[in-house]
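What follows is one structure encoded as structure tokens, with my remarks underneath.
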Amino acid sequence: MLWDALTLQLGYNATLVAIGATLLGFAAGVTGTFLFLRKRALVSDAISHATLPGVCIAFMVMVALGGDGRNLPGLLAGSALSAWVGLLCINGLTRRTRLAEDAAIGAVLSVFFGFGVVLLTVIQTMGVGRQAGLEGFLLGSTAGMLFADALIIAVGGAATVLLVMILRRPMLMVAFDAEYAAATGVPVHRVDLAMMGLVMAVTVIGLKIVGLILIVALLIIPPVTARFWSDRADRVVLLSGIAGGLAGYLGAAVSASAPNLPTGPIIVLISFALFALSLLLAPARGVLAAVLRHRRFQRRVHVRQGLLALAQGQEVYEPYTRRLLRRAGLMRADGVATEAGRARAAKALRDERRWGLVRADQTHEAAAAQYDGLRDIETVLTRDQIDEIDRRIGPPHEVRA
Amino acid sequence: MSGEEFVPLSLTPLLIGICAAVACALPGNFLLLRRQALIGDAISHVVLPGIVVAFLLTGVISTWPMMLGAAGAAAVAVILIEAIRRLGRIEPGAAMGVVFTTMFAAGVLLLEQTDTSSVHLDVEHALYGNLESLIWLDATGWASLLDPKALAGLPPELPRIAVTLLAVALFIGLFWRPLKISTFDEGFARTIGIRTGALGLALVLVAAISAVAAFDAVGSIIVIAMFICPPAAARMMTNRLEAQIGWSVLFAVLSAVIGYVLAGYGPLWLGWADAVSAAGMIATVSGVILVLAAAFGPCRGRAGAPGTG
């Protein structure tokens with residue numbers, strides 16, 4: 001069943017939803033990256049909640065004009081309008097008053113949403129035009145998706161991605177260093193508004209599939225996921241799009257494969273699963289990589305300290321150090337250094353003495369700054385410099401036991 | 001309107017609305033000043049999975065398991081946000097967005113998967129609450145306020161939210177000085193021996209408790225709106241924390257009363273037959289108050305001094 005869904009064999013509606021969700025996920029992932037890099041991820045939360053009154057007003061207007069209240073383009077236009085008003089409110093509150101952006105986001109989110117709920121109840125009492133469809137915008141409803149709906153999502157998503165590609169350089173500059181961008185003549189405020197406009201576009205086209213409460217997830221989770229895998233902005237944008245598209249595709253497929261699996265929440269949960277995997281397994285920034293790095297560091301410190309102790313003829317008592325030294329063949333079970341161990345220990349002690357001289361010498365200041373107790377001196381100084389230091393140390397002399 | 005009609009039908013929802021609004025606005029003041037305003041947003045989203053899990057475990061819709069479930073979910077969310085923020089080195093806003101959307105999605109999915117057709121538990125209810133239905137059937141008029149038999153029939157939400165409000169007020173009253181100092185100057189607070197970490201966590205927990213109690217009665221929209229709008233409006237009115245708290249309480253009460261009255265009677269005045277959502281209307285009114293304060297408040301500008309806005 002799941003395989004059928006993955007290969008788009010589950011019928012017309014499921015196929016439409018899967019294609020739509022994939023495109024939506026890609027567009028949301030690409031767009032959300034800039035928002036995330038700009039550190040304004042939660043603005044999308046306010047934008048998406050602010051669409052509700054627009055949807056309701058558009059519905060009422062269309063019914064009042066005698067049309068079908070559930071015409072998707074009309075509803076989407078209304079939602080875009082009220083989202084834009086909400087966006088301007090956030091901007092106005094943060095620029096003209098002393099409120100911080102998070103307070104403005106929360107205020108717009110709750111007030112617009114509350115007002116939308118009032119309008120929803122008004123529509124319910126109007127009792128016309130099969131209003132049941134409107135609640136579907138809260139959490140998305142893919143059951144009755146039409147070809148025209150899918151087409152809107154596809155065209156809207158493609159247009160959004162295209163605009164992102166055109167605007168990506170100024171948006172990246174603003175995201176990384178707004179002041180530098182302003183100094184080079186980028187209209188920061190307008191770029192910000194454009195970024196928000198793109199987010200709004202994604203929100204609006206996502207209303208049908210994931211609904212206005214969960215679209216935020218598609219704008220935030222894929223970028224955060226992609227950020228684990230690369231430090232290059234263009235790659236993060238691409239990876240984020242792929243992560244979003246993958247989540248959309250898998251989510252739509254899973255949701256079509258069994259009853260009672262609403263599309264929006266499933267897409268979000270799959271998106272989170274991708275995030276959790278990245279958090280754990282990503283090569284440089286992942287948790288597993290960090291743990292392994294820490295363990296390696298720990299081992300090196302233990303071995304080094306153990307060798308220094310051996311070199312000075314001291315007993316090593318610390319059990320982890322003993323285990324490491326024995327496993328490396330540097331120490332016998334009774335705590336006596338092997339041949340290799342004595343050689344490494346002598347080298348470690350000599351390096352320590354070399355470092356001591358380097359750190360006491362002003363001319364080696366740059367090299368001395370790299371001392372951390374573990375670094376091999378050969379990686380910092382040239383052969384000649386080490387020879388020169390060795391001359392100052394003098395020839396080896398007998399260590400009295 | 002006569003007492004026979006007002007007391008049973010409107011008095012208790014009104015009181016519950018006021019208590020919920022004030023209970024959220026009080027901690028909201030500190031959250032706003034600490035730039036944690038969106039904690040309320042996050043908490044109110046994650047309450048849904050908590051309630052659903054509590055329902056799945058107990059199999060009944062009863063208050064205490066649900067409150068515990070919701071509080072547990074709030075605690076899990078706070079821990080997850082912190083863990084993701086530290087482990088992944090992600091900025092707090094994005095970490096919050098990841099956690100609360102995922103938990104909300106999980107809540108919706110659980111709800112769809114379980115058979116809740118026999119009980120009143122759905123997403124819409126969680127969002128809007130059911131303020132209008134909290135009527136006091138045993139009351140016959142103002143005299144019922146003194147009648148112990150009628151008082152026993154009060155909707156249980158009222159005493160619960162009243163106790164929550166008292167507890168919140170008590171917390172803020174008891175920890176007034178440390179809260180104030182650590183909100184404005186965390187470094188100084190630490191040097192004089194205030195445990196700012198524990199205090200911050202306690203504040204978030206208190207906010208979560210009031211959110212959960214209010215949520216139970218009025219739904220999550222009011223919770224978010226009351227955490228932010230009245231304190232934000234109060235912030236435009238004054239530079240003194242004491243006065244700000246006073247203003248925020250006033251605004252919260254005003255929003256609740258005006259919102260409830262408009263929702264219940266406004267449509268009738270316009271000639272429509274049915275009332276609209278009280279929770280939504282209360283949030284809307286609080287937004288109108290915020291806009292008015294932002295346009296005319298004496299301390300609305302960034303510099304803060306009167307007249308420089």
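Within every chain, numbering begins at 1; the chains are lettered A, B, ... in the order of the sequence lines, protein sequences first and strands thereafter. Since this is a predicted model, take the numbers as computed values, not measurements.
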Residues 275-286 of chain A vs chain B, non-hydrogen distance cutoff under 4.5 Å, contacting residues -> Phe275(A), Leu279(A), Arg285(A)

Okay, Pro223(A) and chain B: the region with an atom under 4.5 Å from a heavy atom over there is neither

Under 4.5 Å to a heavy atom of chain A? For Leu290(B) that would be side chain

Taking Asp102(A)'s backbone N and O only, do any of them form a donor-acceptor pair with Arg35(B)'s side chain (distance below 3.5 Å, no angle check)? no

Counting heavy-atom pairs under 4.5 Å with chain B, the top scorer among Leu35(A), Leu93(A), Ile221(A) is Ile221(A)

Tell me which donor-acceptor pairs under 3.5 Å the side chains of residues 20-31 of chain B have, and how far apart each pair is, sequence neighbours excluded?
unit_1	atom_1	unit_2	atom_2	d
Asn29(B)	OD1	Gln244(B)	NE2	2.8
Asn29(B)	ND2	Ala25(B)	O	3.2
Asn29(B)	ND2	Ser248(B)	OG	2.7

CG (Leu38(B)) and CG (Asp45(A)) are apart, to the nearest 0.5 Å, by 7.5 Å

Rounded to the nearest 0.5 angstrom, the CD1-CZ distance for Ile221(B) and Phe115(A) is 12.5 Å

So, the part of Phe227(B) with a heavy atom under 4.5 Å from chain A: the answer is neither

Applying a strict 4.5 Å limit to non-hydrogen atoms, the region of Leu214(A) in contact with chain B is side chain

From the list Leu119(A), Val108(A), Leu219(A), Thr94(A), the residue making the most non-hydrogen contacts under 4.5 Å with chain B is Thr94(A)

Bottom line for Ile224(B): the part with an atom under 4.5 Å from chain A's heavy atoms is both

Honestly, the part of Met96(B) sitting under 4.5 Å from a heavy atom of chain A is side chain

- Query: Is a side-chain donor or acceptor of Thr121(A) paired with a backbone partner of Ser277(B) at a separation under 3.5 angstrom?
  - Reply: yes

One should read off an interatomic distance between Ile213(A) CD1 and Ser220(B) OG, to the nearest 0.5 angstrom, of 7.5 Å

Turns out that what part of Ala294(B) lies under 4.5 Å from chain A's heavy atoms comes down to both

Here the gap from Ile84(B) atom CD1 to Phe272(A) atom CZ, rounded to the nearest 0.5 Å, amounts to 5.0 Å

Heaviest contributor of heavy-atom pairs below 4.5 Å to chain A, chosen from Met281(B), Arg235(B), Met236(B), is Arg235(B)

Heavy-atom closest pair (Pro262(A) atom, Leu109(B) atom, distance to 0.1 Å) is CD-CD1, 3.6 Å

d(Leu109(A) CG, Ile228(B) CD1) to nearest 0.5 Å is 7.5 Å

- request: Taking atom CZ of Arg89(B) as the centre, report whether more than 12 heavy atoms of other residues, nucleotides or ligands fall under 6.0 Å from it.
  value: yes

Of the listed Val287(A), Asn260(A), Leu261(A), the one with the largest count of heavy-atom pairs under 4.5 Å with chain B is Asn260(A)

